[in-house]
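Shown next, in structure tokens, is the structure this report addresses.
So you know, we letter chains A, B, ... as the sequences are listed, proteins then strands, and number each from 1.
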Amino acid sequence: MNSILNYFKDIHHAVSTLWGGMRITGKYFVSPGEIVTHQYPENRDTLRMADRYKGEIIMPHDADNHHHCTGCGICEMNCPNGSIKVLTDRLPNAEGKMERVLNQHIYHLEMCTLCGLCVKTCPSGALAFGQQFEHAVFNRSKLTKTLNQPGSSLKKETKG
Amino acid sequence: MYDFSQLTGAIDAALHRSMTPGWALFTELVIIGLVVLILYALVGLFLVYLERKVCAFMQNRVGPNRVGPYGIIQTIADLIKLLMKELIPIARADKFLFNLAPFVVIIVSFMALAAIPFALGLQAIDLNIGVLYVTAVSSLGVVGILLAGWSSNSKYALIGAMRSGAQIVSYELSVGLSLLTVIVLAGSMQLSEIVASQADGWWIFKGHIPAFFAFIIFVVASTAEINRGPFDLAEAESELTAGFHTEYSGIKFAFFFLAEYMNMFIVSALGATLFLGGWMPFHIGHWEAFNHIMDFIPPLVWFLLKTFFLIYVIMWFKWTFPRLRIDQLLTLEWKYLMPLSLVNIVVVAFITLMGWHF
Amino acid sequence: MSEAVIRDIIVSESDDYIINMGPQHPSTHGVLRLEVSLMGETVKSVTPHIGYIHRGIEKMCESDSYQQIIHLTDRMDYLSAHMNNEAVCLCVEQALQVEVPERVKYIRTILDELTRLSSHQLWWSAFGMDLGALTTFFYGLRDRELILDIFEESFGSRLLHSFNTPGGLMHDVHPNFQKSVREYLKYFRKKLPEYKQLLTDNVIFRQRTEGVGVMNREMAISYGVTGPSGRGSGYSCDVRKIAPYSAYPLVQFEEKLQTAGDSYARYLVRMDEMWESMHIIDQLIDNIPAGDFTAKMKPVLKLPPGEYFQRVETARGELDVYIVSDGNKTPYRMKFRSPNFSNLFVLNELSAGGKIADLVAISGSLDLVIPDIDR
Amino acid sequence: MLREALISLLKTLFPDGQVREETQYPELLVPNTRWLEVATTLRNHEDLHLDFLISLTAVDYKDKFTLVIHMESTSFRHLLVVKTDLNDHENPVVDSLSTLWPTAGFHEREVYDLFGIRFSGHTDMRRLFMEEGYGFPLRKDFSDESRVLTLS
């Protein structure tokens, strides 16, 4: 007799657990407040990424087109993927002494894994993380960027 | 209550006046064919859209909302996409059977749609063996699936087809037996007769306990028969990528896709007609005022309300439960649903004999 | 390559009914090819073919400095990226006898547990989806998304944040890190019981997983199956208990064990571990000591010649880092004992004789991450 | 089992092996001819009971290979490192431990694939990642044609 009893008992148990699961999906069906979808292309102007977001490496320039990169190449040595190439040339500075000046700071975004070693090890803090994340391009050459803007120069530290 | 047979009678009389009886019959058949075709496309596309919206709301998503207002035209866009897709010929596949399979599946669900009573007199064909006709036709669907599985020369498809063959054949029993309960109660297999007999109350209430059990068994077994919900083993994407319609592309895949949704509509329409009183409004005993208000809602709307409620329940199953394994699925049928429906038949026969139903 | 070689790779010489699950397959969570030989529905044998995502991490480590290796170990088991990095950092710090500030230990342990929580959430959603409950995927990832927002707020990237560096952390956590973690714990404590109601108690799910892929304790030990998969068969292998590191000695938590050894037991271990992780974070989040976030380290690290070994508990088992150093700035040989490598090869033993659906349930319950297997 | 007791037991059991204590975990260096025999006693000895093979790997010291095993006992919780030197650098062969630990079989297949060390008595001595005929990548003298990686 008890085999028939627990035959119906496990039917009852089965139906109650199934109903428990259906209650959850039913609850979410009637609660649109829980919808988490972001309408991405439409909310583009209101979308603000976290301020520490690592989108790409940039070289911040101040108002009068100065940057902090002295062309030392420490970032190039520290980069595990070889995605930074610093081109420098020797030019006489104000006092006539030959000095190393940054020509081009080439950054290959397609090889960079955003590990952050270049930003951390740069002695003069010239590199920073940009928040731009839309990097899709149609040919790869566009991914090779020159970080220092044309006509920019090293920001002279005013001594004393 | 508007009787559609006046409208159909008027059309019939007009046709007979204007042309010879042979031609009149021919044009009538063409009209009915067109109407059912349009109904087929409309309901199919709407169901696909409804499923994606219901599933999205259950998963905290919004669902299609880009193509047209609230994404209504999304399914039409999908259909056009599928139409434009290239039909990839499968190497060493049995060409004739491979192309025949989708048509078998579509035609079967088309034929079953003809016998459903949408409203008083609005029925393509009112056979006096209506229920037998529908179950017989819908069991042909498994032939199309087996054909598709075998002829696409892919291991996944074959396994998927074998699974769904075993599944549909074994669940025919419980569906048939649960429909039998209402036939015993109503005394006739003619669908319009069954709906007429529910004028004073739906069978699920009048038949009290056995009808309620039969209704539950019917819903579970018919979900299994249309390969949906926790029983979608035929196209279990996590095991067999896409089961029997893996190799199909373009419009042939669209046929399978649409046929699955139409089967869902037919099964819930059948359930609504037999258990929930088809297009009969919801009356409670002698509350004249309440019943009078209920009559304001036209019978066609009543029918669609009940059918879409059942469709919602079937979708609710699919998006909540994990999938059953093939042997558990068959044990559920042979060890649980079959005995219950047999006992149910005996109980309902006894009750109708003694006249204890309302 | 000669015809025979190709033949040997693709189909071994047997007339069984062989289907290939993978390398591109919804339920293998990555590029793993399972060559399944079937007899009707039942599985006769499963031969995993790996190597599709072999990047040669151990070879690359031999030409990278110790700070540069961190961005490689991130990409091994990407779901427990933080624990992989921590293993390398602890090994280097132990070799240089560097004492890491208390604040770093606390933050590292909190991040360990947050990563374990997010990894278990993704496992739960993918496991539900494999068995057919597609809605679990969205619930699991909805809650996991909030953890990734916490990571993004503090470290800038969601999953592979290379935040650890030998000697401490790359930079300090965001000021409202503690506040967002507390809020998240309050939110997720309400959602976890729903997971239980939706899947754990579900009778179809229990039928699909109970008694499927039974692994007893001896088989777990001899196959080296560690982590929640091993603990499902009663083998207590939690490195946080055996060899505690970072702030684990200061925390009270139990090691969740089950004895049945089937897929359902492995499932229950991971569900309990989610509660344990939240319990651990509770004990740590309120009293993170102040202090700087890294010890004083020279820019170029040269490990004294010798061999160093560090054991860490990732979300999937025991990850060990074995460094052989000959004194210059790159390691001479670096070996990672990855948990998934041993967990994978027990698959054949467990799924022989079962159905195809069981194979999917078992590989889901073993929670395999394929880049960790190939390295 | 305490470290000193373990070390003294090892010395008594394996007189011809050298035991080093100054390292992080006790190390045992055994001649490669008695490799399988030593491993069997380590696994089945009731005081040692080293039944959990953590990892089996090899290190290429340019003139010789060293096979390194880390083993732990699940009952006594002590960890032991066992090493052996294979002086034949061209095609080194050593006994396989897959009969003692099934997991050793797969570690050995990986070591064979990356180092070229063959294991006699192994049931399925096939490479794990690459096909036959490809070089052995983790050897120090391995040079890949595509020159992606130049060893410093």
Presence of salt bridge, A/R52 and C/E152, under 4.0 angstrom: no
Hey, does A/T17 have a side-chain heavy atom less than 4.5 Å from the side chain of C/Q197? no
NZ/NE/NH1/NH2 to OD/OE distance under 4.0 Å, C/K191 and A/E34: yes
Engaged part of C/S157 at the chain A interface, taking heavy atoms whose separation is under 4.5 Å: both
Step by step, work out the side chain to side chain contact (heavy atoms under 4.5 Å, CB included) result for C/E194 and A/K27. CA-CA 11 Å; C/E194 275 181 17; A/K27 181 187 87 173; 2.5 Å; yes
Minimum heavy-atom distance A/D51-C/H174, with the two atoms named: OD1-NE2, 4.1 Å
For C/H161 against A/K54, the heavy-atom pair lying closest together: O-NZ, 3.5 Å
Sort C/R75 into side chain, backbone, both or neither according to what part of it lies under 4.5 angstrom from a heavy atom of chain A. side chain
Option from A/L117, A/L114, A/N81 for which side chain to side chain contact (heavy atoms under 4.5 Å, CB included) with C/H71 holds: A/N81
Closest non-hydrogen atom pair between A/G21 and C/L198, with its separation: O-CD1, 3.6 Å
If one checks every heavy atom of C/H171 against chain A at 4.5 Å, the contacting part turns out to be side chain
Is the shortest heavy-atom distance from the side chain of A/I24 to the side chain of C/Y139 under 4.5 Å? yes
For the atom pair CG (C/L160) and SG (A/C115), what is the distance rounded to the nearest 0.5 Å? 11.5 Å
Counting heavy-atom pairs under 4.5 angstrom with chain A, the leader among C/S154, C/S65, C/P299 is C/S154
Under a 4.5 Å cut-off applied to non-hydrogen side-chain atoms, are C/R158 and A/Y53 in contact? no
Top contributor to chain C contacts, counting heavy-atom pairs under 4.5 Å, from A/I74, A/V36, A/T25: A/T25
With distance as the sole test, does C/Q68 use its side chain to make a donor-acceptor pair with the main-chain N or O of A/N78 at under 3.5 Å? yes
